[in-house]
Amino acid sequence: IFKKGLAVCTFAAPSIVTEPWVKRVAADSGQKVDWHYSGGRVNMLYLGDYAKVKASVEKLMSELDDACRAHHRRHHPTV
């Protein structure tokens, strides 16, 4: 996927949140999906049917948002 994959999206998120979410997108879409950091941002790539991957990203985006917020609260609690 790293060499031949096409970009789906880019976003900022910690790897501990990104990895399980990208795996959920891959499972939900039934397509090959992976990611890597590029310039401090997640670069998500796919091989297969873009429409299926895009639909899964849109469907699961709120889970990524929630996980990022929860991670931030755990590691940066307010005083």
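The chain is numbered in sequence order, starting from 1. Any value given below was found using the heavy atoms of this structure, including those in side chains, with hydrogens, waters and symmetry copies removed.
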Practice task
Could I get the full list of side chain to side chain contact (heavy atoms under 4.5 Å, CB included) partners for Ser62, not counting sequence neighbours?
Solution key: none
Could you go through residues 2-13 and list every donor-acceptor pair under 3.5 Å that involves a side-chain atom there, pairing it with any protein atom two or more places apart or in another chain?
none

Practice task
Could I get the full list of side chain to side chain contact (heavy atoms under 4.5 Å, CB included) partners for His71, not counting sequence neighbours?
Solution key: Pro14, Ile16, Val17, Arg74, His75
Completion exercise
Asp66 meets the salt bridge (charged side-chain N to carboxylate O under 4.0 Å, His left out) criterion, sequence neighbours left out, with Arg69
Practice task
State, with a plain yes or no, whether a side-chain heavy atom of Met44 is found less than 4.5 Å away from one of Thr18.
Solution key: no
Problem - Main-chain N/O of Val53 paired to Ser29 side chain as donor or acceptor, under 3.5 Å - result: no
Fill in the blank from the handout: For residues 24-33, the salt bridge (charged side-chain N to carboxylate O under 4.0 Å, His left out) pairs (sequence neighbours left out) are Arg24-Glu63, Asp28-Lys59
Practice task
Kindly state each residue pair satisfying salt bridge (charged side-chain N to carboxylate O under 4.0 Å, His left out) with at least one member in residues 42-56, sequence neighbours excluded.
Solution key: Lys54-Glu58
Practice task
Enumerate the residue pairs fulfilling salt bridge (charged side-chain N to carboxylate O under 4.0 Å, His left out) with a member in residues 9-22, sequence neighbours excluded, ordered by first and then second residue.
Solution key: Glu19-Lys23
Exercise for the section: Could you check if a side-chain atom of Trp21 sits within less than 4.5 angstrom of a side-chain atom of Asp65, using non-hydrogen atoms only? Expected result: no
Exercise for the section: Evaluate the side-chain proximity of Asn43 to Tyr37: yes if any heavy-atom separation is below 4.5 Å, no if none is. Expected result: no
Problem - Side-chain hydrophobic cluster, 4.5 Å single linkage: members besides Leu47 - result: Ile1, Leu45
